[in-house]
Each structure stands twice: as structure tokens, then as C-alpha cells.
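Read the structure below first, then the notes.
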Amino acid sequence: MVKIPRDPRLGGSKFGCLGTLAVLVLLLYVGILFGRPWFRYQRWNDEIRTVAGFASAMPDSAMRARLESQADSLRLPPAAKRKLTLDRLPNPPRMEIRSEYTETVTIPFLGEKVLTFKPFGESSL
């Protein structure tokens with residue numbers, strides 16, 4: 001039987017899959033940092049659209065109270081409630097609800113990134 005000597009460097013690298021694993025962990029970490037504010041925004045925007053759909057049957061004060069309690073439960077910044085506007089427009093008759101707020105994400109070694117969100121909901125009356 002003939003034995004072929006094997007090259008120990010064949011098919012591998014010095015660090016194995018460590019580099020790939022580090023990149024995947026970094027992407028996961030950044031995804032979580034930016035994902036949380038984005039999911040809160042999506043839920044807040046969905047609630048605004050839902051409440052706008054009830055505009056014909058609900059007074060503005062009740063809609064505002066419901067949206068403010070949702071903003072509290074989502075732990076949104078105070079600006080989300082402060083810049084909340086509910087407008088009943090006459091031509092064509094419709095309800096527009098909008099808000100605006102910012103969230104700051106801190107990325108290690110890179111600094112802070114400010115995210116601006118502007119949710120909007122509209123419904124005909």
C-alpha cells in the first residue's frame with residue numbers, strides 16, 4: 001500500500017471559520033440594534049392606521065388617548081406623543097393621523113446613529 005503524504009495546510013485556514021463567525025455575530029448584533037426601533041415603529045404605525053380607520057365612530061379625544069397609551073406601552077420617546085396630530089379634513093372628507101420622533105442607536109466603536117420615524121395613517125370619513 002502506498003501512502004501519499006498529506007499537506008497539513010490543504011483545505012483549511014489558520015483561523016478556520018472564526019472570521020466568518022465573527023462577521024455573522026457582528027451582523028446579528030447590528031441587526032438587533034436597528035431592529036428593535038424599527039419593529040417599534042412598525043407597531044406604532046400599524047396602531048395609527050388602525051385608529052384612523054375608527055375615525056367615523058370615535059371622537060378625537062378617545063383616539064388620542066388610545067394612541068398615547070400605545071406609545072407608552074411601546075416605550076416610545078415622549079416626542080412621539082407630543083408631535084401626534086389628528087386632522088379631520090373636509091375635501092374629500094378624511095382623517096389623517098401623523099407623528100414624528102427620533103431614536104438614537106449607539107454602535108460600539110462607530111458612535112451614534114439617529115433614526116427619524118414619521119408614521120402616518122389616513123382613512124376616509
Side-chain angles (χ1 to χ4, degrees):
M1 182 158 118
V2 177
K3 257 192 163 178
I4 301 173
R6 230 183 112 131
D7 187 0
R9 297 174 292 145
L10 191 62
S13 68
K14 189 174 184 179
F15 296 108
C17 66
L18 187 61
T20 305
L21 187 61
V23 169
L24 288 176
V25 168
L26 179 68
L27 288 174
L28 179 66
Y29 181 70
V30 170
I32 289 171
L33 283 178
F34 285 95
R36 287 179 180 165
W38 186 79
F39 279 114
R40 280 195 297 270
Y41 161 74
Q42 289 296 324
R43 290 184 61 194
W44 177 237
N45 197 30
D46 186 47
E47 184 67 20
I48 285 175
R49 282 187 266 132
T50 300
V51 169
F54 293 126
S56 60
M58 201 182 236
D60 290 358
S61 59
M63 289 190 292
R64 181 174 291 280
R66 179 175 170 168
L67 288 170
E68 287 178 353
S69 73
Q70 181 69 14
D72 287 338
S73 69
L74 290 173
R75 297 182 181 148
L76 295 176
K81 293 189 296 186
R82 194 172 52 245
K83 294 183 179 179
L84 181 65
T85 59
L86 290 82
D87 295 321
R88 290 183 186 267
L89 302 171
N91 196 9
R94 67 186 187 281
M95 177 70 167
E96 287 185 357
I97 303 175
R98 51 181 94 237
S99 179
E100 182 179 346
Y101 66 97
T102 60
E103 288 199 40
T104 304
V105 176
T106 304
I107 305 170
F109 307 112
L110 296 177
E112 294 182 342
K113 173 72 176 160
V114 177
L115 305 173
T116 302
F117 297 106
K118 297 180 181 182
F120 174 77
E122 180 180 39
S123 176
S124 60
L125 295 175

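Computed from a predicted structure; not experimentally measured. If you read the sequence from its start, that first residue is 1, and numbering goes on from there.
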Please give me the minimum heavy-atom distance between [X] and [Y], naming the atom from each residue.
X	Y	answer
Gly121	Ala52	C-CB, 4.1 Å
Trp44	Ala80	CZ2-O, 4.0 Å
Ala55	Leu125	CB-CD2, 3.5 Å
Gly53	Ser123	CA-OG, 3.7 Å

If the condition is salt bridge (Lys or Arg N to Asp or Glu O under 4.0 Å), which residues does Arg36 pass it with, not counting sequence neighbours? none
Measure the spacing between [atom1] of [X] and [atom2] of [Y] and express it to the nearest 0.5 Å.
X	Y	atom1	atom2	result
Leu27	Ile32	CG	CD1	11.5 Å
Phe34	Phe39	CZ	CZ	14.0 Å
Glu100	Arg82	CD	CZ	11.0 Å
Leu33	Trp38	CG	CH2	16.0 Å
Arg66	Met58	CZ	CE	5.0 Å
Glu68	Lys81	CD	NZ	6.0 Å

Within a radius of less than 6.0 Å around CZ of Arg43, do more than 12 heavy atoms belonging to other residues, nucleotides or ligands occur? no
Greater than 12 external heavy atoms within 6.0 Å of Phe120's CZ: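 Atom CZ in Phe120 is packed in, count exceeds 12.
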For [Y], is there any backbone N or O sitting under 3.5 Å from a side-chain donor or acceptor partner on [X]?
X	Y	answer
Asp87	Ile97	no
Arg40	Gly35	no
Ser124	Arg94	no

Flag side-chain contact, heavy atom, 4.5 Å: [X] against [Y]:
X	Y	value
Thr104	Lys113	no
Pro37	Val105	yes
Met95	Asp60	yes
Pro77	Glu103	yes

Evaluate the side-chain contact (heavy atoms from CB on, under 4.5 Å) criterion for residues Ser99 and Ile48: first the C-alpha distance (whole Å), next the side-chain angles of each, then the deciding distance (0.1 Å), finally the verdict. CA-CA 9 Å; Ser99 179; Ile48 285 175; 4.3 Å; yes
Same cluster or not: are [X] and [Y] linked, directly or through other Ile, Leu, Val, Met, Phe, Trp or Tyr residues, by side-chain heavy atoms under 4.5 angstrom apart?
X	Y	value
Leu86	Leu89	no
Leu21	Val30	no
Leu67	Phe54	yes
Ile107	Leu28	no

Got a salt bridge between Arg88 and Glu96, using NZ or NE/NH1/NH2 to carboxylate O under 4.0 Å?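 Here Arg88 does not pair with Glu96 in a salt bridge, since their nearest N and O are not under 4.0 Å apart.
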With Tyr41 via ring pair (Phe, Tyr, Trp, His ring centres under 6.0 Å) - residues at least two apart: Phe117
